[in-house]
Structure formats: C-alpha cells, structure tokens
Amino acid sequence: SDNQLKPVEKFLKEHHVSSDIQYKGVAKGKNVFVIHLESLQQFVIDKKWDGQEITPNLNKLYHQKDTLSFDNFFNQVGQGKTADAEMMLENSLFGLAEGSAMVMDGTSNTFQSVPAILDQSGYSTASFHGDVPSFWNRDNAYKSFGYQYFFSKEYYKIKPGYVSGYGMKDKIFLKDAMQYVEQLPQPFYAKLITVSNHYPYLISKKDASIKAWDTGDPTVDPYVQTAHYLDQSIGELLSYLKKSGLEKNSMLVLYGDHYGISNNHKAAIAKILGLDQIDNYNLAMFQKVPFMIHMPGLKGGVNHTYGGEIDVMPTIMNLLGVNNSGAIQFGQDLLAKNRNQIVAFRDGNFVSAKYTKYGNDLYFTKTGQQITEKTATEKKEVAEIQDYVNQELSLSDSVINGDLLRFSKHSWFKTVDKSDYNYKKSAG
Ligand code: GP9
Ligand code: MN
C-alpha cells in the first residue's frame, strides 16, 4: 500500500537540501546530451603516458571556463555495472545489492525517470547504443523509463571492422548516431552509451595511437589505449557539435560509469599511480570517475564536493529548471550549498568529506591517514554516517523491490504507459 512509501518520504524529507538558486534553470529548454564514458576513471584526467596526454580532449573540456567539473565524484555501482549507473543517473535510485535492478525490475516496475519527466515537459528523448537492444534488458527498462526512442545496434549499417568487443567502435557509433540525433525534434534528451573502453580493452593496430602501459599485467595494460581512443571519439563528437551549431543550444553531461581496472590488480594500480603500495584508501579514491557538465555560458570551474552517480538527477533537473518537487530521489544536487557529501558505495562502505571507509578500514579523507582507534567524537560521527548510508541503501532497495513508485503521485507526473513504445526497427 502507499503506506510503504511513508518511511522513504520521511527519510528524504529529513535529509532534503534545497537546490542551488544560482544555477536554477540556467539550461532551461536546452538539448541535453548524456555521454556515457565506458569504464573511464578520473585518474586518467590530466595524466600523461608515453609523452602524451591520455585524454587530451576531455582534459581540455575539464578545464574550460564553461564546464563544471567535479574531482571528487565517485561511481556507486554494484553488480549491475553499466545498468546500475543508468539506474542511478536517470532515477536517483541505487542498483540492488545483488544482480541488476534494470534486468530484474526494469520491465515491470513503475519509475519516474528523467526521460519520462522531460518528455512531459516537451522534450523528445532517445538512447543510443551500439550493442544488441537486450543487453541489461534495456529494450524493456527504457520503456519503463519513458524513452521515446532506443537506437540500438540494429539501427546502424555495420560494415566489416566496425565492431570491437561489446559493440560498435566509439568513433563510428558516435558519428552514425548523429544522423538520428539530427532528426530529433528539439529540445531533445539524448543518451549516448560508448563501449570501446570496456574490458578486455580490445583495439586494432590502426586504432591504437598510444603505447600500452608496461605494468606487466596484460589485463590492465591496454586500458590506456582504449581510453585514449574513447577520448578521441569524444573529440570528434565535440567538433561535430561545434560545426553543426548544436553545441550552442545544448548542455553536455559526461560521466564515467565505473572502474575499468578492478581491485584485483593492486600491483599494476600501484605502478600506474606511482605508489609503492596500495591500501584501501587508495582503492576508495580509485573509484572516482569523471563527471562534467558543459554548456556555453555556464559558470564553470572544478568543484570539490564529494558526490556520486546518485546525485546527478537532482543536479540536472535543477539546471534544466524542470519541476519535480517531492520526487523520490536519494541524491542531492551537487551544486547545493548544504549537501551532506556522503557517498555510499553499494556494499555499505563510504566516502565523506571527513571520513572514508573502504574494505572496513577507516581513513581521514583529506590525508589518507588511517584511523585505528577512534575518539568518542569520531565514533559518533562515523556511526552517524554509517547509519545514513545503511538507511539510504535499504530504503532505495525497498522502493525497487516493492515497486513503490506506483504509489508516488505528483501533479508534475503522469504514469508512463509502456505500451506507448516500440523500439523495433521496422522493415525496409
Ligand atoms: C553492454 C555495455 C557493457 O551493452 O553497456 O556493460 P557493463 O559490462 O559495463 O556493465
Ligand atoms: Mn560499463
């Protein structure tokens, strides 16, 4: 019954922070590009290898005056990886502790997702991906999210050499996707999901324009090459957006979905970061992913707030000036003044502005110094953060497991009718 939603609403009300007024509606009516940077981690930003920047195009964007960049932004995914990132970004709900919420509940649940909300305020909405439509159950979950269009692999002409690993090579995919983007009525919300920088980081000789790392760990070493290729594909996309004039009336949101290099590769990570050894603090910080918002005229800069994927939806909704007050969102606007800066990992560990807990070890976030014996104050503060993290995760789970958004009624939202959508490419 709708009573099940009460504890969720109570928690969200207690922890509500008002969005930033200065940024409210600055992107009103703009097209939105959400650019999913597969497995891209924050540590590659501004980093060099073999005398070259690994991500020159993203670095340039990162430092531009009209880009809001975040250097303490963390991925918060669980086993659902990409799908969990999508769930968080477009619903401000966590993935589940096990499995993928998009697979298990994406077909049947009710959602109040970004695409559906924007559709209802006059946007056209589309997701683009160069892989099969069924991966992560996107072909069903996107209907629940209210996507009007889903241009998966079957919508592109695939020639020999176009596919690598999980789908179309990023340069080809992004270029071909633009043919559909151009036809979307404006304003539009377009999500572009890249794949080339995905484990096992396959890349042809022709596409590789930087040497592989030399850590001696063959799983890790080619990552730098596919990351560099991904960056080049973004460079090409950006120059297309400039040339076509689309940049002028668009807001770009770029994010890395999760780590590419897993914690099983400590020796290689140490080598890449130039450290003697890796502790749990280093591994926690290694979970940072890029997050940038770019728009001509935007008041940018590098923002140091601690946040993560769960916080993207409230941030974007405020920038777009689209009303969804009272929405069930577990994140807090990254630009809000009094945000709690608590970043929950799916396993109950966390990063906050003061403390970091990872692998059950506790550290001071600013210095990385380990805390082995807590003072009374530290005990209390850490317990409070842990309590918030536990509550936030379990209440988000209750929303998904109980399909509780069925009971969430708002004047600004009409329930999505999944039968309105059909993503099959018609013959001919
Ligand atoms: C596949 C792609 C990869 O369609 O999005 O997902 P991941 O393995 O990163 O979760
Ligand atoms: Mn992924």
Side-chain angles (χ1 to χ4, degrees), residues 34-44 55 58 73-91 94-107 126-142 145 147 149-156 158 162-170 172-174 176-177 190-203 219-220 222-223 226-227 229-231 233-234 253-265 286-291 308-310 312 345-347 423:
V34 176
I35 304 170
H36 171 111
L37 307 166
E38 180 58 41
S39 303
L40 200 73
Q41 299 184 217
Q42 175 70 10
F43 80 88
V44 299
T55 56
L58 289 168
F73 181 91
F74 291 79
N75 90 80
Q76 298 173 282
V77 308
Q79 293 171 349
K81 305 291 289 287
T82 293
D84 285 356
E86 292 189 58
M87 178 64 76
M88 286 186 276
L89 259 90
E90 290 176 324
N91 300 282
F94 289 95
L96 296 172
E98 275 170 51
S100 152
M102 240 166 74
V103 171
M104 296 190 289
D105 304 284
T107 307
S127 179
F128 300 80
H129 187 49
D131 192 5
V132 292
S134 57
F135 208 103
W136 288 128
N137 193 35
R138 287 184 176 98
D139 49 349
N140 293 306
Y142 282 171
F145 291 2
Y147 267 111
Y149 304 102
F150 177 27
F151 297 102
S152 63
K153 192 176 182 181
E154 51 199 43
Y155 281 85
Y156 311 96
I158 308 286
Y162 273 26
V163 170
S164 174
Y166 278 73
M168 290 170 71
K169 295 181 184 175
D170 295 342
I172 298 162
F173 162 67
L174 290 174
D176 288 359
K191 172 159 77 170
L192 303 159
I193 305 171
T194 64
V195 293
S196 299
N197 188 41
H198 192 292
Y199 174 81
Y201 315 118
L202 303 171
I203 190 159
T219 319
V220 173
Y223 175 89
T226 48
Y229 172 84
L230 166 59
D231 176 78
S233 78
I234 300 302
V253 178
L254 300 96
Y255 77 104
D257 62 340
H258 49 73
Y259 64 84
I261 303 166
S262 85
N263 292 348
N264 302 325
H265 302 275
F286 204 56
Q287 303 312 311
K288 289 184 187 180
V289 288
F291 183 67
E309 290 165 324
I310 200 76
V312 172
F345 291 119
R346 187 54 257 199
D347 61 1
Y423 304 137

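We count ligands from 1, going down the list as the structure has it; atoms in each ligand are counted the same way. Throughout, residue positions are numbered sequentially from 1 according to the sequence presented.
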N, O or S from Ser39 under 2.8 Å to the Mn ion (ligand 2): no
Could you pull out the N/O contacts under 3.5 angstrom between ligand 1 and the surrounding protein atoms?
from, atom 1, to, atom 2, distance (Å)
ligand 1, 4 (O), His129, NE2, 2.6
ligand 1, 4 (O), Asp131, OD2, 2.9
ligand 1, 4 (O), Arg138, NH1, 2.9
ligand 1, 5 (O), Arg138, NH2, 2.8
ligand 1, 6 (O), Thr82, OG1, 3.0
ligand 1, 6 (O), Trp136, NE1, 3.1
ligand 1, 8 (O), His198, NE2, 2.7
ligand 1, 9 (O), Glu38, OE2, 2.9
ligand 1, 9 (O), Thr82, OG1, 2.7
ligand 1, 9 (O), His198, NE2, 3.1
ligand 1, 9 (O), His258, NE2, 3.1
ligand 1, 10 (O), Thr82, N, 2.9
ligand 1, 10 (O), Thr82, OG1, 3.1
ligand 1, 10 (O), Trp136, NE1, 3.0

Glu98 atom CD: more than 12 heavy-atom contacts under 6.0 Å: no
Working for side-chain hydrogen bond (donor to acceptor under 3.5 Å, both in side chains), residues Tyr142 and Glu86: CA-CA 10 Å; Tyr142 282 171; Glu86 292 189 58; 2.5 Å; yes
Presence of N, O or S from His36 under 2.8 Å of the Mn ion (ligand 2): no
Degrees at the Mn ion (ligand 2) between the NE2 atom of His258 and the OD2 atom of Asp257, nearest 10°: 80°
Thr55 and Asp231: side chain donor to acceptor below 3.5 Å: no
CA sep, side-chain torsions, deciding dist, call: Phe43, Phe286, ring pair (Phe, Tyr, Trp, His ring centres under 6.0 Å): CA-CA 7 Å; Phe43 80 88; Phe286 204 56; 5.0 Å; yes
Residues in side chain to side chain contact (heavy atoms under 4.5 Å, CB included) contact with His258, at least two apart in sequence or another chain: Glu38, Ser39, Asn75, Val77, Lys81, Thr82
Between Asp84 and Ser100, a side-chain donor and acceptor under 3.5 Å: no
Vertex the Mn ion (ligand 2), rays to OE1 in Glu38 and OG1 in Thr82 - rounded to 10°: 90°
Verdict with supporting geometry, Phe135 and Tyr166, ring pair (Phe, Tyr, Trp, His ring centres under 6.0 Å): CA-CA 10 Å; Phe135 208 103; Tyr166 278 73; 5.7 Å; yes
Check against ring pair (Phe, Tyr, Trp, His ring centres under 6.0 Å), His129 and Phe151: CA-CA 6 Å; His129 187 49; Phe151 297 102; over 10 Å; no
